[in-house]
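See structure below.
Residue numbering restarts at 1 for every chain, and letters A, B, ... go by the order of the sequence lines.
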Amino acid sequence: MDSDSYISILNPDQKKAVVHEGSPLLILAGAGSGKTRVITTKIAYLIAEKHVDPFSILAVTFTKKAANEMKERAVSLEPRAEYAQIRTFHSWGSYFLRTHASDAGIDKNFTVYDDDDMVTLLSKAVPSLSKQQASVAAHKISLAKDYCYTPDSEDLYKISEDPSFRDIYDAYERRLRETGNVDFGDLILLPYLVLKNNDFVRHELHRRYRVIMVDEYQDSNVAQFKLLHILSGIDESDDSFPGSYVCVVGDDDQSIYKFRGADINNILNFQNQFPGTALVRLETNYRSSSEILACADSVVKNNEGRLGKTLVSARGKGKIPTLVFLPTQDDETQFCAEIIEQAHSKGISYSEWAILYRTNAQSLGFESEFLHRKIPYSIVGSLKFYEREEVKDILAWISLIANPKDEIAFRRVVNKPARGIGNASQDKIIASGRGISLLEGWENVKLSKKCMEALADFCESVKECQSLLSEQSQEKLSSFIENVIKKSGLEEHYAAQDEIAGTQKIANLQELINSAVLYPCSMQGLLDFMDHIQLDRTIENEEEDSSRDCVTLITLHNTKGLEFPRVIITGMESGIFPREDKSGEEIEEERRLFYVGITRAQNELYLTSCGLRRLYGRTNYMSPSPFLNEIDKDLIRVIGEAPVSFSSEDPELASIVKKYKKGVCVYHDDYGHGQIVHAETSDEGEYVISVKFETGGFAKFLPKYQSKSLIVED
DNA sequence: AGTGCAACTCTTTTT
DNA sequence: GAGTTGCACT
């Protein structure tokens, strides 16, 4: 495609963003404003018109899906974009670490430990922790890495005030380095540390990357910011080295990953951190009708701390959004099913619809209702295929074949099927081989004869598998994996289980084999395959779903970057959305999440809110989400009535419920000042509140009997 | 070592 | 309410 033609179809702001040069650039791209078009056009333009070597362009996104789409679209505009680095932040980190493994102090055949592996490793590094403590600490370690804190950072207290956290983190790091592997946080943190400490490598990369672009910048974390900053060379620029051209694209109103370490200050302060930054706003929305945008705007404008922008619809007027109050969650699923069926009978395909919810658990009701009515649907996200026992077992074998120092993988499979190598023996073997190889050197360890023989057998099998990999082989990796499954003894093991318990484990393993068919049977192919799995756990049934006409069931978070003609946002109830434990800035993030949901809709938007909902197996009275009140009344059509659950039957209960609401501050004779953090009606019809006191204490009350000792304050 | 029952958590969101 | 974990028992 000719560059004149693809630039001429842009609007003036988009064009400005594409041709800008000479300083860092921040593109504030509202929802549906053609952001991806701008980035891809810019890549094509730089190559075709500015003669930038594609090899020197790095463009990073957050999800593999976005990266693939970006690459595809850039290549269709300019074939040479094929040679540009367009990938996710984490996959770039992995690529970097493979080529600079020894600088980072890791094995070049490393694999990436997931959250579960982190917990297991931490439990071994600090045995005194209970499983739950280990899981909490592992999560904090992840967060620390997102904020770029190492075990010796002064700021570690910001993650955990517990003074022992530093030692726990330190012990974890040492043990992790002994395995030669990395965790997710390392994929960003380690490249940053290598660049910071190694002038040679840093200069090498500075020479290479002339252009760096980051998409969805509002969801970058501190470590990613630091990595970008050091990679850009902005602090070292002089006449001989001007620094890279940095262009970031994002929307502060769509920042929804703070819980994962994303720092909205990255985008709010970008212009300070990269002096001389030019700013381009993309405020023309090509996706939604003006009614939907008005609704979105009336919600998001309640947030403070935003750069501010107003979207203008390029599509003009459409249908007014609808808010529906329903008695129970079963009515909600039926309502959704019915409008979808009605539309279908008028020729509107299922795939025009998306049902959005806050938590994955909410998908269950829709699934059973749709199954019953034979409405086809597909669930996006958490396909837990790679978390299944049998799949993780085979992946552990593969990890161990790649990296014999991998303690977690070793433990997982050395005694499966049972070989008589119990926990105590494992500890001895690992103590002797840690940091070297777990497959040899154990001959000197004191173990029972039976155990020795079994271990020799096991190690022999792993080595046999290792020898099946060769650099020139024309074989596919799938046949290698098939061999691993056989040699591991796990095929027999799981075939027997399938027989007895009626499980599908062998079928799942077959699926794993199939997924490796595109990779060559070499160490490189194996590592690429592992990266593919570890760095993209969500999407698996792409071709199948895109061709099928079905309704999309999806969490609000997962909708980022997607659009649908008709959207239903369900569960608009206080406690669900926003979630009950949110306050202050977190409420703002929930509100942004709502904004993201609304702006997914092209033509029609429905919101549903129920009066009664089952949660954790209990039935709860729900009140409408406070966000609903933020929508101007003339911007939305309301069907049904907001629940006034108790008025008719029990005026006394109603007044109590009204008085002791969640968030209300109370004073108790014995406990002192506190705040109601949770309120619900139990199955027995009792109204129960949970109060957190200033003293740190926590108690539950039945306000019915406590009206004298529990005083509401203002 | 493997089974079976009780108890407990889970409901954020993802690379 | 369901799925998972942990413990005790065989």
Inset, instruction - Find the distance A:R614:CZ to B:dT11:P and express it as a whole number of Å. - result: 19 Å
Legend entry - Cation-pi, A:F458 ring and A:R419 (6.0 angstrom, 45 degrees): no
Legend entry - Rounded distance in Å - CE (A:M530) to P (B:dT15): 17 Å
Legend entry - Separation of B:dT11 C1' from A:M622 CE (nearest whole Å): 12 Å
Legend entry - Spacing between A:L364 atom CG and B:dC10 atom C1', to the nearest angstrom: 12 Å
Inset, instruction - Using atom CD1 of A:I576 as one end and atom P of B:dT13 as the other, report the distance to the nearest whole Å. - result: 12 Å
Inset, instruction - Counting heavy atoms from C-beta on, name the nucleotide in B:dT14, B:dT15, B:dT13 closest to the side chain of A:T359. - result: B:dT13
Legend entry - Main-chain N/O of A:S623 paired to A:E573 side chain as donor or acceptor, under 3.5 Å: no
Legend entry - Contacts of A:T328 that satisfy side chain to side chain donor-acceptor pair (under 3.5 Å) - sequence neighbours left out: A:D331
Inset, instruction - Check whether any side-chain nitrogen or oxygen of A:N558 sits under 4.0 Å from OP1 or OP2 of B:dT14, and answer yes or no. - result: yes
Legend entry - Gap in Å between the two P atoms, one belonging to B:dT11 and one to C:dG6, rounded: 16 Å
Inset, instruction - Whole angstrom is fine here: how far is it from CE in A:M118 over to C1' in B:dT14? - result: 14 Å
Inset, instruction - Using atom CD of A:E216 as one end and atom P of B:dT15 as the other, report the distance to the nearest whole Å. - result: 12 Å
Inset, instruction - Return the stacking result for B:dT15 and A:F62: yes when the ring centres lie under 5.5 Å apart and the planes under 30°, no otherwise. - result: no
Legend entry - Other residues, nucleotides, ligands: >12 heavy atoms within 6.0 Å of A:K258 NZ: no
Inset, instruction - Give a yes-or-no answer on whether the side chains of A:S255 and A:D252 include a donor-acceptor pair shorter than 3.5 Å. - result: no
Inset, instruction - Could you tell me from which nucleotide to which nucleotide of DNA chain C, 5' to 3', there is an atom under 4.0 Å from chain A heavy atoms? - result: C:dG1 to C:dG6
Legend entry - A:A418, nearest nucleotide to its side chain (from B:dT13, B:dT15, B:dG2): B:dG2
Legend entry - Between B:dT14 (P) and A:F259 (CZ): distance, integer Å: 7 Å
Inset, instruction - Looking at every strand, decide which applies to A:Y257 at a 4.0 Å heavy-atom threshold: base, sugar-phosphate, or nothing. - result: sugar-phosphate
Inset, instruction - Step through the shown structure and confirm whether more than 12 heavy atoms of other residues, nucleotides or ligands are within 6.0 Å of CD on A:E72. - result: no
Inset, instruction - Starting from the 5' end of DNA chain B, give me the residue, A:T63 or A:L615, whose nearest nucleotide shows up first. - result: A:L615
Legend entry - Between CE on residue A:M70 and OG1 on residue A:T61, distance to nearest 0.5 Å: 5.5 Å
Inset, instruction - With DNA chain B as reference, determine whether A:N415 or A:R579 sits nearer its 5' end, using the nearest nucleotide of each. - result: A:N415
